[in-house]
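Note sheet for the following structure.
Order of the sequence lines fixes the chain letters, A, B, ..., with proteins taken first and strands second; residue numbering starts at 1 for each chain. Quick caveat, the model's predicted, so the values are computed rather than measured.
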Protein chains: 2
Amino acid sequence: MRNRRVTIVEIAREAGVSAQTVSRVVNGNVNVAEETRLRIQEIIDRRGYHPSRLARSLLRGSSNTIGVVSFGLGLYGPSQTLAGIVHEANHQGYTVLPQMLTEAETRNPQRIVGQFIESHVDGIIWAVPEIGGNLDWAEDGVSEFDIPIVFITMRRRPGLTGVHVDNCRGGRMAVDHLVARGRRKIGLINGSHDWWEAKERAQGWRESLTNHALPIDDNLIVEGDWSAASGEAAMTALLTRHPDVDGVFVGNDSMALGAIKAARALGRRIPNDVAVVGFDNMPESAFFHPTLTTIHQDLDRVGSQAVGALHAILNGAVEPNPDGDEIVIGPRLVVRESS
Amino acid sequence: MRNRRVTIVEIAREAGVSAQTVSRVVNGNVNVAEETRLRIQEIIDRRGYHPSRLARSLLRGSSNTIGVVSFGLGLYGPSQTLAGIVHEANHQGYTVLPQMLTEAETRNPQRIVGQFIESHVDGIIWAVPEIGGNLDWAEDGVSEFDIPIVFITMRRRPGLTGVHVDNCRGGRMAVDHLVARGRRKIGLINGSHDWWEAKERAQGWRESLTNHALPIDDNLIVEGDWSAASGEAAMTALLTRHPDVDGVFVGNDSMALGAIKAARALGRRIPNDVAVVGFDNMPESAFFHPTLTTIHQDLDRVGSQAVGALHAILNGAVEPNPDGDEIVIGPRLVVRESS
DNA sequence: CTTTCCAGTTCACTGGTTACA
DNA sequence: TTGTAACCAGTGAACTGGAAA
């Protein structure tokens with residue numbers, strides 16, 4: 001059924017020149033007579049010749065390919081980050097090779113990196129958020145892989161390059177805002193506590209309360225799993241245990257949606273009785289009822305910065321920082337009706 | 001900085017055998033003495049040898065790689081579909097090579113297919129929804145590419161393989177349900193009319209009204225662009241022009257969210273005054289206020305079926321149907337408060 | 001007369017696998 | 001059971017013969 005692919009030798013034969021000359025035409029090398037170039041180019045176009053990346057990469061030792069490891073593409077954050085990576089990588093002339101993890105725990109990164117090495121990727125973007133100990137292997141074991149890796153959403157580690165949003169600052173901004181709105185008893189509905197992002201947002205909650213000389217009560221923290229359903233359950237639990245809570249910072253917009261539903265079910269008006277601030281600024285959040293105040297994180301930019309950082313490393317443009325290179329994207333408060 | 005990769009020859013040299021013997025061990029060929037196999041395997045593990053996919057693919061003529069063209073990854077649908085594809089492809093042992101289009105119009109598919117051919121992909125999944133004439137090139141020009149392509153969300157075309165949700169039936173189900181709820185003047189807030197999916201859903205709206213002997217008034221159709229903002233604007237326009245509308249089928253959940261907001265702003269109670277049915281069943285829709293009745297589409301399955309179809313073609317397991325092969329995924333009505 | 005440039009060729013090599021010995 | 005040689009689709013380096021500087 002399928003024809004064999006057109007090769008450089010066939011083109012060369014038809015043009016009556018050597019393969020090397022065709023190669024020069026393809027690569028825009030100058031040492032080809034104009035007349036010859038035109039003749040060969042015509043044949044290339046007519047025959048639909050496409051040089052083989054495989055052969056070229058094999059010889060050159062670099063493939064212009066980036067491996068990307070993802071997890072949780074059902075969630076808004078990870079899928080947007082992947083989109084940002086693919087977009088920027090294509091833009092920079094890289095081909096992306098995505099791998100999906102079905103569980104966060106990474107028993108043997110060796111296997112995954114090994115697959116990428118088989119595919120001759122030039123570098124890797126590890127877009128699996130730090131959860132529990134799932135990045136402990138990176139602690140000291142990355143140099144063994146002998147291939148540059150950029151991590152997305154990992155706490156700073158010596159010698160490693162990471163890109164992430166400043167979750168702690170985002171948390172502070174959210175709670176600062178609630179305090180500015182006159183709230184004094186501010187709860188936290190957080191994503192799974194295993195997630196580093198969740199911990200950082202909780203830290204922001206703490207710091208803001210401290211800065212405003214408000215008491216910190218860990219009983220005001222309820223844990224969800226980032227889903228709207230868990231947000232609903234968490235808000236129910238929180239308001240049942242602490243009926244006088246007047247403000248809540250929720251770890252993402254989906255949970256905030258569920259939380260608002262629960263608050264309403266318990267007869268609370270938002271924002272009058274309870275003010276709510278989310279995190280993500282997903283496009284829908286501007287249309288929730290009430291519209292959701294939230295912390296915007298630019299995930300497209302996280303993705304493109306990760307590609308940029310990898311690109312810089314691959315081109316040898318940067319001296320790796322022994323402390324670990326860190327690109328931090330600033331969050332932004334978007335005020336709407338829910339506060 | 002980076003070492004050269006470990007090659008089969010190095011392993012062979014260290015083991016004192018020929019490269020061929022190492023190759024046999026790697027590929028599980030039987031004709032190797034057990035003792036030799038163990039010795040070589042030990043060296044492979046210790047040195048961290050990974051056979052080169054490039055070299056192997058070059059020789060074998062197939063790469064176990066699938067090219068995927070995507071568009072609109074910012075939307076819920078396309079990003080979930082891509083996730084489904086990557087997941088299933090990895091599962092089946094394929095590597096995915098994603099390409100993102102920044103505009104729906106495909107001026108020269110030749111360029112995109114050409115890039116994939118350079119990368120030696122075995123097949124292509126064209127996951128760009130049919131919009132305007134952006135798939136007209138497929139009409140007769142696919143065989144020229146001499147590579148199997150599976151299309152996601154394209155109307156049936158002779159000789160081509162496609163996977164899509166039955167949008168027309170979904171539309172019928174939505175409107176049937178509204179009628180069953182006693183609604184008689186049912187509007188349609190649709191996605192961009194250019195989109196084939198939108199046309200099909202509109203067709204479902206028409207068929208259902210016809211089946212129930214209700215009048216069809218094209219003035220009850222308002223077009224949006226799938227965003228919540230456009231849904232809000234559309235509902236405002238619809239209720240202003242036709243204050244007696246008592247049910248609305250909305251082309252996706254995001255627009256439905258905006259539409260509900262607009263209806264509320266105009267003093268309508270939902271579902272009492274206006275019942276609303278969406279399309280997608282995104283996870284958040286179960287937590288909208290009110291919770292949203294919607295048509296569920298299993299996009300994971302669309303992705304995995306596309307991979308499966310391509311896999312079947314690549315293995316020569318299927319005779320292509322001259323009428324075009326069509327895999328249709330059935331939608332499902334999910335009833336909630338908004339109706 | 002030597003040197004440089006030009007247009008193009010030849011050869012070896014990338015990392016494996018298949019066929020055959 | 002193992003080795004040898006050819007091959008996949010390209011590219012870098014060295015080289016050729018003649019013209020121009």
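Contact check on A:E42 versus A:R37 returns no salt bridge, with no Lys/Arg side-chain nitrogen under 4.0 Å from an Asp/Glu carboxylate oxygen. Electrostatic pairing of A:E14 and A:R46 counts as a salt bridge here, judged by a charged N lying under 4.0 Å from a carboxylate O. Using a cutoff of 4.0 Å between basic side-chain nitrogens and carboxylate oxygens, A:R155 and A:E139 are scored as salt-bridged. Comment: A:E326 does not engage A:R157 in a salt bridge, judged by the lack of any side-chain N to carboxylate O separation of less than 4.0 angstrom.
A donor-acceptor pair shorter than 3.5 Å cannot be found between the side chains of A:R56 and A:S63. Checked by atom type, the side-chain pair A:H120/A:T65 shows no donor-acceptor distance below 3.5 Å.
Taking only side-chain nitrogens and oxygens, A:S57 never comes nearer than 4.0 Å to OP1 or OP2 of C:dT14. Look at A:S52 and you won't find any side-chain N or O under 4.0 angstrom from OP1 or OP2 of D:dA9. Contact check, A:N31 against C:dG8: no side-chain N or O comes under 4.0 Å of OP1 or OP2. When the side-chain nitrogen and oxygen atoms of B:T21 are compared with OP1 and OP2 of D:dG3, one or more of them lie within a distance under 4.0 Å.
Straight-line distance from the CZ atom of B:R53 to the C1' atom of C:dT14: 18 Å, rounded to whole Å. Nucleotide C:dG16 holds its P atom 12 Å from the CD1 atom of A:I117, rounded to whole Å. The distance between atom CD of B:E34 and atom P of D:dT2, rounded to the nearest whole Å, is 11 Å. Per the geometry, CD1 belonging to A:I40 stands 11 Å off C1' belonging to C:dA7, to the nearest Å. Regarding A:I11, its CD1 atom lies at a distance of 9 Å from the P atom of D:dG10, rounded to whole Å. Rounded to whole angstrom, the span from the CD atom of A:E35 across to the P atom of C:dC6 amounts to 18 Å. In this structure, the CG atom of B:L58 is 9 Å from the C1' atom of C:dT14, given to the nearest Å.
Across all strands shown, B:H50 has heavy atoms under 4.0 Å from sugar-phosphate atoms exclusively, and none from any base. Looking at heavy-atom distances under 4.0 Å, A:V17 makes contact with sugar-phosphate atoms alone, never a base.
The rotation axes computed at either terminus of the helix from C:dT2-D:dA21 to C:dA21-D:dT2 lie 40° apart, taking five pairs at each end and rounding to 10 degrees.
Ring orientation note: the planes of B:W196 and B:H164 are nearly perpendicular, at an angle over 60° on the 30°/60° scale.
Of the listed nucleotides (C:dG8, D:dT2, D:dA9), D:dA9 has the atom at the smallest distance from the side chain of A:R5.
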With 3.5 Å as the limit, what N/O pairs link the protein to nucleotides 17-21 of chain C?
from   : atom 1 : to    : atom 2 : distance (Å)
C:dT17 : OP1    : B:N27 : ND2    : 3.2
C:dT17 : OP1    : B:R56 : NE     : 2.8
C:dT17 : OP1    : B:R56 : NH2    : 3.1
C:dT17 : OP2    : B:S23 : OG     : 2.5
C:dT18 : O4     : B:Q20 : NE2    : 2.5

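With contacts defined as side-chain heavy-atom distances shorter than 4.5 Å, the pair A:T81/A:I152 qualifies.
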List the atom pairs, donor and acceptor, that lie under 3.5 Å between side-chain atoms in residues 307-314 of chain B and the rest of the protein, sequence neighbours left out.
from   : atom 1 : to     : atom 2 : distance (Å)
B:H311 : ND1    : B:Y94  : OH     : 2.7
B:H311 : NE2    : B:N315 : ND2    : 3.3

